[in-house]
Enquirer: 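Have a look at this one.
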Amino acid sequence: MAAAEKLGGVDLILTSPPYPTARPGHYGGDAPADFTWADYQELGDLVARTLKPGGFCALNIDGPVRAWRGKSFGSERSLIAFRLALD
């Protein structure tokens, strides 16, 4: 991405960053254990710097399903995808 930024940017970025764990406040999944929300924010800043004006980022991310009301399998999704999109 640094090379693309030096060349004037790109029109499209397609990526699938590491996924969060199901534990609120912990973002790991397939990421290194120390991958945190700050790392997602840094990724967003890097994407913004790398895209040309009017460029697009297609980001594949999904929040884990959380246990809900004491059930082992719930229906509530985390807000990680929304937080990342807003950032």
Enquirer: List in chain and number order the residues that pass salt bridge (Lys or Arg N to Asp or Glu O under 4.0 Å) with E42, two or more places apart in sequence or in another chain; answer none if no residue qualifies.
Expert: none

Enquirer: Between CG of L43 and OG1 of T15, what distance do you get to the nearest 0.5 Å?
Expert: 6.5 Å

Enquirer: Any non-hydrogen side-chain atom of V47 less than 4.5 Å from a side-chain atom of M1?
Expert: yes

Enquirer: Quick one: pull up CG in L7 and NZ in K52 and give me the separation to the nearest 0.5 Å.
Expert: 9.5 Å

Enquirer: State yes or no: do F56 and L59 share one hydrophobic cluster built from I, L, V, M, F, W and Y residues joined by side-chain heavy-atom distances below 4.5 Å, directly or via other members?
Expert: no

Enquirer: Enter the distance from Y40:OH to D45:CG here, rounded to the nearest 0.5 Å.
Expert: 15.0 Å

Enquirer: Quick check for you: to the nearest 0.5 Å, what is the distance between D11 atom CG and C57 atom SG?
Expert: 13.0 Å

Enquirer: Quick one: are I13 and T50 in side-chain contact, heavy atoms under 4.5 Å?
Expert: yes

